[in-house]
Amino acid sequence: MDERRQLKLVKKAVNGNPDAYGELIKEYQDYMYRTAYLYVRNEEAALDAVGTAILKAYQQIHTLKHPEYFKTWITRILIRAAYDEQKRLMCRGELKEHLVKESQEGVSLEEKYDINMAVTQLSEKYRTVIILKYFGEFSVKEIADIMNTPEGSVKAYLSRARDELKKILKEDYIYAN
């Protein structure tokens, strides 16, 4: 969808047009699912997070002040919904069994599991920047917009998160041997 058409749809949605909102969601639904899945690693929970985010965004669309930032705005809502789903899974003890995805070339299932477990141990802000940067392939500027944080802070979070991951993974390796 081109930017001008998207901007028109967002403005219509902000003014209460449910059909325009529906078209926007249709455009972003795959992106939203992939992003939610990166957080919860569970198909059902990702779908629940997307559904919750779509509903909350629809209820709050009138508060969107800058239609050109619709993707950033809805991503913030989605991340909050994904964290809520993740907490629900953790409370039910289901998160661990869904962390391991299919092995990618050159990365064993064990390594993938270790990385996923290490990411879940990070604080919320560090986990968010790692997921958005390395799994969602967002730029530092986009992450800053999504998190409503200065770019310098995002860079610092990324650096600290990578350091934390190294420590966690190194400790896992030391204790395993």
Side-chain angles (χ1 to χ4, degrees), residues 3 6-7 10 28 30-42 45-46 48-50 52-54 56-57 60-61 63-91 95-96 98-101 103-177:
E3 288 182 40
Q6 179 182 326
L7 193 56
V10 174
Y28 284 103
D30 291 338
Y31 156 77
M32 292 176 73
Y33 173 77
R34 285 190 313 272
T35 302
Y37 190 85
L38 290 170
Y39 281 88
V40 296
R41 303 283 189 203
N42 175 300
D48 287 346
V50 170
T52 299
I54 289 170
K56 285 184 179 182
Q60 298 173 9
I61 188 80
T63 66
L64 179 62
K65 293 180 177 136
H66 301 283
E68 64 274 16
Y69 295 120
F70 176 79
K71 184 177 182 183
T72 300
W73 177 79
I74 202 161
T75 300
R76 282 187 200 147
I77 294 170
L78 178 64
I79 288 171
R80 280 188 230 113
Y83 273 125
D84 289 345
E85 282 300 314
Q86 189 177 48
K87 287 176 192 169
R88 185 183 62 78
L89 285 176
M90 290 171 98
C91 288
L95 185 61
K96 198 172 205 173
H98 296 289
L99 287 173
V100 180
K101 291 184 1 179
S103 178
Q104 293 176 347
E105 200 172 309
V107 179
S108 72
L109 282 174
E110 185 178 340
E111 291 170 323
K112 193 163 208 45
Y113 179 79
D114 289 344
I115 292 168
N116 285 327
M117 287 305 295
V119 170
T120 64
Q121 292 177 42
L122 296 173
S123 69
E124 188 173 320
K125 65 184 171 188
Y126 292 169
R127 188 170 51 235
T128 296
V129 295
I130 290 293
I131 289 173
L132 291 175
K133 177 71 176 167
Y134 296 106
F135 297 95
E137 299 179 359
F138 283 92
S139 69
V140 169
K141 182 181 179 351
E142 291 169 325
I143 295 168
D145 289 342
I146 289 167
M147 294 180 69
N148 200 24
T149 304
E151 287 182 46
S153 295
V154 170
K155 290 176 185 177
Y157 294 165
L158 280 168
S159 176
R160 292 178 194 143
R162 285 189 296 259
D163 290 344
E164 288 272 328
L165 285 172
K166 287 176 192 172
K167 286 179 193 171
I168 293 167
L169 292 169
K170 186 176 183 179
E171 286 174 9
D172 285 349
Y173 179 74
I174 288 170
Y175 292 125
N177 292 316

Practice item. Determine, step by step, whether L165 and Y126 satisfy the side-chain contact (heavy atoms from CB on, under 4.5 Å) criterion, reporting the C-alpha distance in whole Å, the side-chain angles of both residues, the deciding distance to 0.1 Å, and the verdict. Key: CA-CA 10 Å; L165 285 172; Y126 292 169; over 6 Å; no
Practice item. Apply the test side-chain contact (heavy atoms from CB on, under 4.5 Å) to residues E85 and Y39: give CA-CA distance (whole Å), side-chain angles for both, the deciding distance (0.1 Å), then the verdict. Key: CA-CA 9 Å; E85 282 300 314; Y39 281 88; over 6 Å; no
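Put simply, the side chain of F70 does not reach to within 4.5 Å of the side chain of L7, judged on heavy atoms. Counting only heavy atoms from C-beta outward, the side chains of W73 and H66 never approach each other to under 4.5 Å. Residues R80 and I77 form a side-chain contact, since some pair of their non-hydrogen atoms from C-beta on lies under 4.5 Å apart.
Across I130 and A161, no two heavy atoms sit closer than the pair CG1-CB, 3.5 Å. K65 approaches P67 most closely through the heavy-atom pair O-CD, 3.5 Å. When all heavy atoms of Y83 and R127 are compared, the closest pair comes out as CE2-NH2, 3.0 Å. The minimum heavy-atom distance linking A144 with P150 is given by the pair CB-C, 4.1 Å. Across all non-hydrogen atoms, the minimal contact from A36 to A46 is CB-O, 3.8 Å.
Put simply, CG on L38 and OH on Y33 are 10.0 Å apart, with the number rounded to the nearest 0.5 Å. Taking CZ from R160 and NZ from K125, the interatomic distance works out to 7.0 Å, rounded to the nearest 0.5 Å. I146 CD1 to I74 CD1: the interatomic distance, rounded to the nearest 0.5 Å, is 12.0 Å. Between R34 atom CZ and L78 atom CG the span is 11.5 Å, to the nearest 0.5 Å. Between atom CG of residue L132 and atom CD1 of residue I79 there is a gap of 4.5 Å, rounded to the nearest 0.5 Å. Once rounded to the nearest 0.5 Å, the distance linking CG of L122 with CD1 of I131 reads 8.5 Å.
A donor atom on one side chain and an acceptor atom on the other are not found under 3.5 Å apart for T128 and Y157.
Side-chain atoms of Y69 do not come within 3.5 Å of backbone N or O of D145 as any donor-acceptor pair. A distance-only check finds no donor-acceptor pair linking the side chain of S159 to the backbone of K155 [under 3.5 Å].
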